[in-house]
Enquirer: 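I have a structure I would like to understand better, so I am pasting it below and will then ask my questions one at a time.
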Amino acid sequence: MIERIVDVAIIGGGPAGLAAANGAVANGAEKVLIIERDRELGGILQQCIHNGFGLHRFHEELTGPGYASRYVKMVQGQPQIETMLDTMVLEISADKTIVAVNPREGVVCIRAKAVIFTMGCRERTRGAIRIPGQRPAGVFTAGAAQRMVNMEGYLPGKNIVILGSGDIGLIMARRMTLEGAKVHACIEIMPYSNGLTRNVVQCLEDFDIPLFLAHSVVKIHGGDRITGITVAQVDDNRLPIPGTEFDLPCDCLLLSVGLIPENELSKNIGLAMDDITGGPIVDQYRQTTLPGFFAAGNVVHVHDLVDFVSEEGDIAGKWAACYGKGQLAQPERSIAVKPGKSIRSVVPQQLAVTRDMAAVRLFMRVTEPQHKLIIEIASEGRVIMERRLPIAKPGEMIVIDIPAEKIRTASEIVSVLVKQQGGEK
Amino acid sequence: MASVKRKLSCIVCPMSCVGEVLLEDGKFVGVTGLTCQRGREYAQEEVTFPKRMLTTTVRVTGGELALLPVVSRTALPKDKVFASARCLSGVAVQAPIHEGDVIYANILGLGVDIIAARDVAAS
Amino acid sequence: MPPIEQADIIIIGGGVIGTAIARELARYRLDILLVERQPDLAMGTSKANSGILHAGFDAHPDTLKGQLNARGNELYRTLEDELDLDIRWVGSLVVAKDEEDRKVLEELLERGRKNGVPGLEILPPEAVLAREPHLAPDITGALWAPSAGVICPFRATIAFAENAVQNGARVVTECGVNKIVTDNGKVTGVDTTLGFIGARYVINAAGVHADCLSRTAGDNSYSIKPRKGEYILFDKAVNHLVNTVLFPTPSKVSKGILVSPTAHGNLFIGPNAEDVADAEDVATSSQGLEGIIAGARRLVPAIPLQAAIVQFAGLRAAANTGDFIIQASETVSGLIHAAGIQSPGLSAAPAIAEKIVHILQEQGLSLQAKADFITATPKRVHSSELSYEERQQLIKSNPLYGRVICRCESISEGEIVDAIHRPCGARTVDGVKRRTRAGSGRCQGGFCGPKVTAILARELGIPITAVRKDASQSYLFYDKMPVECEVVSHDRTHS
């Protein structure tokens, strides 16, 4: 078996992996290897041809491929970074041995000093949400359809209904319309859209595509190819209300019903996982509970802005390089960060406390839309920090920086929760 | 004088304020409900001369990829976006292509070029 | 392919019964033709069933079900290697929840002994819970049948057909039979969507359509009522919940809602039993799914719904006679029925095939065994099961084995190409799935679907837009709708 020895091995060459590679080299790694299963680098960005990427990072609004190309050029400009394309990782062991396979070299073994997981997400399927009915052709996840439309050059249908008003569903509503298909409706189970308002306006309202909030698809019809769906209103428990059903004919149903971090490799080596995010538990260095294994990007928690994915990749790359050189010190102690009232998840879930530690950026999401809220960060009942916000939505990640001194004053558990302004909790 | 009120969701920042624009004889007269100047400017433009960026794909001949993602260099009039996209649906470009290349100049005579969003090598 | 005009024996139906019969008949010097109306084999009941090789204690000894189940189970032990089948001999437990159930177990034990089922034993609750720690604790015992197993019904169906074709039989898909043609009370052939095909004998293995076809020949001795069963399949990550096939104590109507491993290491629950009017109705329903979840929870309370990956339904071909109908037609000479095959049809299939051969002999068919009958199909390659050294060798000889297409199940392009080009090869995306497992995993083809589509297009020499998911009109993708075509040279000036 062909063997390679590297300082940092990065699994996945999308935005997180590309940033991690750059971050690793910038912090002294001499041999960095990106292992990517697709035929080119860039990950999901290559199929996200719409713009809106990079406002924070580059102060420009780039397309997905445009953002990817910035990072790919950075990576290609660095001789310390090698890339293996069209290569699938088969196995990773706790001793940081990676077995991968590709058609040219066959089975390849890589030994790394540090490993970074940047595998991204897969899409939630029809089967996972159990939509009853026949199983005709014409039911696709929105991302898979996006790949076919934007990269392979085929349409998944001509009369579309979209289930899910998160950004992927909204973007595909516009995309399919611009390709000459008719998008009949967007169905959303929650009473609000999880996507950016900008996307609701520019993808649905611009094209007069009706948005059915608090509705769900209760049946799929059609033998060979889908002929339509039955839609029903849902109650507060998101269960269909009998008597509210109506049929919508269509030849294509696109599902935008959630992303699941792709952690099969992480689970196989026994990393501690966070049930809510679906990703590994990480500290502010993006190190997992297994020393020398780092993770960044959508594989840790689903992001909405690629700029934060790149930031996370940078962090993981930097500290993986340091780890590889033996320069990542053991912390004096660890603090667990727990989501409290109305907070769905917080990353990092652990804080490594060291004497010369820097400020930590916490990324969090609320469980439902909030107005005039205070995000309270507390430890053992004592408030460490507060942030007032006029508005917060589950679909928009909130970022709060905690200075190092404040972290050091905290005890073993820090909780992050929501309070209403005006005193009510 | 025909007086019309139109509801509008502002997209400038995550606040997503909802306001109402007042039009008289189709002309912008004022706006209520939007809390800042940027929002009010957006509202005025959105009702008088709404614009959108266009992103789509064109076909590639002789390239490593079948499609090239393209983007309008600047925003187009909103009511010309669909027609521009349909015009580009018939366009095929010969590889190699470099990011920034003008793929289609002056789309629909609107003075806006459509440019390549990435490189595509020749196969 | 030149039009087919004649065969000695036509088998109608490409499910496991039809292909098992074809394989058995291929031992003899006969011109065998199997016709299947769908684009692939195993698209009817053989596609959507519990995949169980029953031990054989459930059916009464004086029924064909009872007589053929245990024999079929035994035959699979040789077929497993000959035909490279996917079988796990995990055994089964019929679980009793109260004293009445316990009495039924005793009846089943007795019946099983009469049917020749080996190793049956009634276990006390502690022993049962030691085997199955996730079982509901409120049980009064269980009937343990070590000879039961789980099998991949797609591989079984296709393997029988592959071996039949290896031995000279012909299998034609997308050939639907409209009418069994007779002359003076004797079969002369079949009218199909590809024209008339003459034959001396016609074997009716047409599943839920067997009674309609039989009537076209003037034989209305039975009727088939399709009885739907719905299933939920779960991620392999939760397969530690059961080790063996778990049955509730059966009712008069059905074996009940099971919790079971599959041959490939998934977990499933189901089926329910609901009579339906339409023989094409394989839709799942919310009430149906809720019902099987409730039923399964009585056996295993912690059914992990969040790990569900797919739901599907199949139709049992339930005959009004209540038993298999494996006999020569009493009104039409040359017509043999292999109909009314519901549970334990899959288990009994090889024994049903043996019986059909005997019936043909009784009907006057002269059987001359082939001296050069090939008993074994070529083994399939599973790159993910090879050692890394073996895998490296394989990739050196064919680089396509080095590209993983289905990430969830770790299936390489080489295996997919092989599945397309073997006898009775895949021509649809689900055909690839049934043969290779590509698309059967947790992402349900989200990642590999477009790639499998492209591979099919390439290997079959058809455009992407001509690739189908499964059924005959199940096209997946359309060409874009360009407004007009123009090749431009472009300006390289950057902005």
Side-chain angles (χ1 to χ4, degrees), chain A residues 1-2 37 86-91 99 101-109 122-138 140-141 143-145 147-149 151-158 179-181 218-225 240 251-252 260 262 264 267, chain C residues 232-233 237 280-286 288-289 305-312 383-384 388-389 391-396 399-404 407-408 410 412-413 429 442-447 449-450 453-454 464-465 468-483:
Chain A
M1 214 162 31
I2 300 170
R37 69 184 181 194
D86 195 18
T87 302
M88 186 72 81
V89 170
L90 299 176
E91 193 189 336
V99 180
V101 71
N102 67 46
R104 302 161 304 284
E105 298 168 277
V107 183
V108 181
C109 176
R122 64 173 188 271
E123 297 182 273
R124 183 167 281 116
T125 62
R126 173 198 176 171
I129 61 174
R130 306 201 301 277
I131 305 178
Q134 302 266 36
R135 296 166 73 207
F140 299 95
T141 52
R147 172 126 191 162
M148 285 309 282
V149 173
M151 299 192 75
E152 312 301 329
Y154 295 94
L155 299 180
K158 299 184 184 181
E179 284 287 345
V218 296
K219 196 130 187 165
I220 291 175
H221 305 281
D224 295 20
R225 177 95 195 172
D251 73 355
C252 175
I260 301 167
E262 189 65 76
E264 299 321 308
K267 287 179 193 161
Chain C
I232 301 179
L233 190 79
E280 307 292 334
D281 175 9
V282 287
T284 52
S285 64
S286 55
L289 295 176
L305 289 179
Q306 78 289 350
I309 59 175
V310 70
Q311 299 81 49
F312 57 92
S383 61
S384 65
Y388 289 137
E389 290 70 36
R391 199 163 181 169
Q392 183 72 335
Q393 287 310 309
L394 179 63
I395 295 167
K396 272 198 171 37
L400 292 182
Y401 284 101
R403 177 175 294 122
V404 173
R407 169 219 36 225
C408 300
S410 206
S412 73
E413 186 167 352
V429 172
R442 58 185 61 94
C443 91
Q444 287 289 292
F447 174 67
T453 304
I464 296 254
T465 50
R468 294 167 295 176
K469 175 180 182 286
D470 209 12
S472 77
Q473 301 302 305
S474 64
Y475 299 102
L476 287 158
F477 299 108
Y478 300 104
D479 280 317
K480 288 190 171 182
M481 301 174 279
V483 170

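Each chain gets a letter, A, B and so on, in the order its sequence line appears, and its residues count up from 1.
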Enquirer: Between Q444(C) (side chain) and T125(A) (backbone), is there a donor-acceptor pair under 3.5 Å?
Expert: no

Enquirer: Checking heavy atoms, do the side chain of L305(C), its backbone, both or neither come under 4.5 Å from chain A?
Expert: both

Enquirer: Please classify the contact between S412(C) and chain A as side chain, backbone, both or neither, with a heavy-atom cut-off of under 4.5 Å.
Expert: neither

Enquirer: Side chain to side chain contact (heavy atoms under 4.5 Å, CB included) with I260(A): which residues, sequence neighbours excluded?
Expert: R122(A), R124(A)

Enquirer: Where on E179(A) is there a heavy atom nearer than 4.5 Å to chain C: the side chain, the backbone, both, or neither?
Expert: both

Enquirer: Counting only non-hydrogen atoms closer than 4.5 Å, does L476(C) touch chain A with its backbone (N, CA, C, O), its side chain (CB onward), both, or neither?
Expert: both

Enquirer: Heavy-atom distances under 4.5 Å only: say whether F312(C) touches chain A with side chain, backbone, both or neither.
Expert: both

Enquirer: What part of Q311(C) gets within 4.5 angstrom of chain A, counting heavy atoms only: side chain, backbone, both, or neither?
Expert: both

Enquirer: Quick check against the 3.5 Å criterion: does K469(C) have a side-chain atom that pairs as donor or acceptor with the backbone of R135(A)?
Expert: yes

Enquirer: If I measure from the heavy atoms of chain A, does S286(C) come under 4.5 Å with its side chain, its backbone, both, or neither?
Expert: both

Enquirer: Atom CD in E152(A), atom OG1 in T453(C): separation rounded to 0.5 Å?
Expert: 10.0 Å

Enquirer: May I ask you to test the D479(C)-L155(A) pair for a side-chain heavy-atom distance under 4.5 Å?
Expert: no

Enquirer: Under 6.0 Å from the ring centre and within 45 degrees of the ring axis: does the NZ or CZ of K158(A) meet both conditions for the six-membered ring of Y478(C)?
Expert: yes

Enquirer: Can you confirm whether N102(A) sits close enough to R403(C) that some side-chain heavy atom of one is under 4.5 Å from a side-chain heavy atom of the other?
Expert: no

Enquirer: Non-hydrogen atoms of chain C under 4.5 Å away: do they reach the side chain of V149(A), the backbone, both or neither?
Expert: both

Enquirer: As an exercise: rank R126(A), R130(A), R147(A) by heavy-atom pairs under 4.5 Å with chain C and give me the winner.
Expert: R130(A)

Enquirer: Most heavy-atom pairs under 4.5 angstrom with chain C, which of I129(A), V99(A), D251(A)?
Expert: V99(A)

Enquirer: What part of D470(C) is in contact with chain A, defined as an atom under 4.5 angstrom from a non-hydrogen atom: side chain, backbone, both or neither?
Expert: neither

Enquirer: Are the side chains of Y154(A) and T465(C) in contact, using a 4.5 Å heavy-atom criterion?
Expert: yes

Enquirer: With a 3.5 Å distance limit and no angle check, can you tell me whether S474(C) reaches the backbone of R225(A) through a side-chain donor-acceptor pair?
Expert: no

Enquirer: Considering only heavy atoms, which portion of E262(A) lies under 4.5 Å from any heavy atom of chain C: side chain, backbone, both, or neither?
Expert: side chain

Enquirer: Are the side chain of Q306(C) and the backbone of A128(A) linked by a donor-acceptor contact shorter than 3.5 Å?
Expert: no

Enquirer: Top residue by heavy-atom pair count (under 4.5 Å) with chain C, among G180(A), P156(A), A144(A)?
Expert: P156(A)

Enquirer: Looking at every heavy atom in both I395(C) and P103(A), which two are closest together, and how far apart are they?
Expert: CG2-O, 3.8 Å

Enquirer: Under a 4.5 Å heavy-atom cut-off, does chain C meet the side chain of I220(A), its backbone, both or neither?
Expert: neither

Enquirer: Please look at K396(C) and chain A and tell me whether the side chain, the backbone, both or neither of the residue comes under 4.5 angstrom of a heavy atom of that chain.
Expert: neither

Enquirer: So which of R104(A), M148(A), E123(A) has the biggest tally of heavy-atom pairs under 4.5 Å with chain C?
Expert: M148(A)

Enquirer: If you count heavy-atom pairs under 4.5 Å between each of G157(A), G223(A), A181(A) and chain C, which one has the most?
Expert: G157(A)

Enquirer: Does the side chain to side chain contact (heavy atoms under 4.5 Å, CB included) test come out yes or no for V101(A) and Y401(C), once each step is laid out?
Expert: CA-CA 9 Å; V101(A) 71; Y401(C) 284 101; over 6 Å; no

Enquirer: R37(A): which residues meet the side chain to side chain contact (heavy atoms under 4.5 Å, CB included) condition with it, sequence neighbours left out?
Expert: M88(A), R407(C), F447(C)

Enquirer: In terms of heavy-atom pairs under 4.5 Å, which option from S472(C), A471(C), A283(C) contacts chain A the most?
Expert: A283(C)

Enquirer: Under 4.5 Å from any heavy atom of chain A, what part of R468(C) do you find: side chain, backbone, both or neither?
Expert: neither

